[in-house]
There are 2 protein chains.
Amino acid sequence: MRIVVARCQVDYAGRLTAHLPMATRVLMLKSDGSVLVHSDGGSYKPLNWMSPPCTVKEGLSEDGQTEWLVEAKSGDSLRILIEEVVADSRHDLGVDPGLQKDGVEKHLQELLAEHPATLSEGLVLVRREFPTAIGPVDLMCRDAGGRSVAVEIKRRGEIDGVEQLTRYLELLNRDPALTRRGAVTGIFAAQEIKPQARVLATDRGIACAVVDYDALRGMDDPSQRLF
Amino acid sequence: MRIVVARCQVDYAGRLTAHLPMATRVLMLKSDGSVLVHSDGGSYKPLNWMSPPCTVKEGLSEDGQTEWLVEAKSGDSLRILIEEVVADSRHDLGVDPGLQKDGVEKHLQELLAEHPATLSEGLVLVRREFPTAIGPVDLMCRDAGGRSVAVEIKRRGEIDGVEQLTRYLELLNRDPALTRRGAVTGIFAAQEIKPQARVLATDRGIACAVVDYDALRGMDDPSQRLF
DNA sequence: GCCTGCATATCGTGG
DNA sequence: CCACGATGTGCAGGC
């Protein structure tokens, strides 16, 4: 890892073109060749960058200034013209052991698979990741009357999720084995459901269920409950 | 901007929980309080981070090691336990003049609005950002027969874009003023159209148009380019 | 290797 | 301030 603080100008050409006027920025060069151009603000996203794999060539511009040319195989290129170097250091970081996550959609699905009745009384799990021609349904369940219920789970429920569940229901309702006790219905489950998504779901006869992740986790392991 | 290279362990708690075991990483502290934890690989995305606005408090852990506690108003927190500092520097970057982009969807829409006939022969523009109850249609046009044609423009055409255009068409076809000369049809225009999106569009009677951005820009006045 | 779907997405724009 | 659409999205998992 090489970190350079420098007054520089950056030009990107690839899927779009982009330009950064001359200013002082932080340039991070990772050992896989990738380059990040950061300003002192914004968020984690750099102003400009080149994703690996790519190569960096250091050279001289027409007027004798240092110039880095970063190129990817796709043809994308990043040209960094350096007017003044403020700092330049290298560090050996080694390989990172990587990030461990907890609380993403997969965990929500696991918990709801164990407690389907929290979505609707009497609901029983048939199987997780129920296969269809256009992809797996998160949970396939059966209600007290034996009718099939497809559940789509999202961390945040937006309009796309409702569209996805609608496509599944359209397909599932062509299957005689599933519709024997009546049409397959849908439940859209999420920790948070956006108003527009709720309107669309309701309009299509899809039920909405707001899920409390912490409460579910509490049912799973009572020792984690506060009271 | 403060840049620290250190052997550290990181724990995030917020919308999810995440953990990074002890290893050497680069910590970038921006002047707005935001913190980035980078490894020597991956891409532009840090392993872990905290978005502004947030506050950083430097303290001591139970066993006397340096500990940073980064907190956002939302309750999200990042705890960085530092075992060994390899480097620590500060730099005044000033305010960045910002990024200028060219070639995003907005520009594609402008160019197609000027040259609608490249989508389909005889097509004439009625208006850009044609309003509907569920959002504006990118281009509303009329074909040689006077029939209304709704155009949805994407840089990359995927299934979501087809769904979006389908919703517009459903609504537009309820408007007697638009359907006087026949049903409103749709064109899905993009620089690249994914196979599944094309299949879905075709199935719904929506035409697909692959757009050549460079050719369109060539038809346009070159002096109007940003740079 | 391509394709699909999730994400602590981030970011701008328009109400 | 909230909500929605675009993004050089990145990234992991499946086929």
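Letters A, B, ... mirror the listed sequences (proteins, then strands); counts begin at 1.
Residue whose closest nucleotide on DNA chain D sits further toward the 5' end, between A:Leu47 and A:Lys194: A:Lys194. Of the two residues near DNA chain C, A:Leu99 and B:Ala197, the one whose nearest nucleotide lies more 5' is B:Ala197.
Between the P atom of D:dC11 and the CD atom of A:Gln100 lies a distance of 18 Å, rounded to the nearest Å. Atom-to-atom, NE2 of B:His107 to C1' of D:dT7 comes out at 14 Å; the value is rounded to the nearest Å. A:Gln191 has its CD atom 14 Å from the P atom of C:dC6, to the nearest Å. Atom CG of A:Asp138 and atom P of D:dG13 are 16 Å apart (whole Å). Atom CD in B:Glu158 sits roughly 13 Å away from atom P in D:dG10 (whole-Å rounding). Look at CD on A:Gln109: it is 14 Å from P on D:dG13, rounded to the nearest Å. Taking atom NZ of A:Lys154 as the reference point, atom C1' of C:dG5 lies 7 Å away to the nearest angstrom. Atom pair B:Glu192:CD and C:dT4:P shows a separation of 11 Å (rounding to whole Å applied).
Ion pairing between a basic and an acidic side chain is recognised when a charged N comes within 4.0 Å of a carboxylate O; A:Arg217 and A:Asp212 show no such pairing. At a threshold of 4.0 Å, the pair A:Asp138-A:Arg128 does not count as salt-bridged, since none of the basic side-chain nitrogens sits closer than that to a carboxylate oxygen. Ion pairing between A:Lys154 and A:Glu192 fails under the 4.0 Å rule for side-chain N and carboxylate O.
The number of heavy-atom neighbours closer than 6.0 Å to CZ of A:Arg7, taken from other residues, nucleotides and ligands shown, is above 12.
With distances taken from any side-chain atom of B:Lys101 to the nucleotides C:dC6, D:dA6, D:dT7, the minimum falls on D:dT7.
No hydrogens or angles considered: nothing links the side chains of B:Gln100 and B:Asp102 as a donor-acceptor pair under 3.5 Å.
In this structure a side-chain-to-backbone donor-acceptor pair under 3.5 Å is missing from A:Asp203 to A:Val199.
Each of B:Leu29, B:Leu93, B:Asp92 was checked for a side-chain contact (heavy atoms from CB on, under 4.5 Å) with B:Met1, and the lone residue meeting it is B:Leu93.
Residue B:Met50 is out of contact with every strand shown, counting any heavy-atom pair closer than 4.0 Å.
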Scan nucleotides 10-15 of chain C against the protein and return all N/O pairs shorter than 3.5 Å with their distances rounded to 0.1 Å.
from	atom 1	to	atom 2	distance (Å)
C:dT10	OP1	B:Trp49	NE1	3.3
C:dT10	OP1	B:Ser51	OG	3.1
C:dC11	OP1	A:Ser43	N	3.3

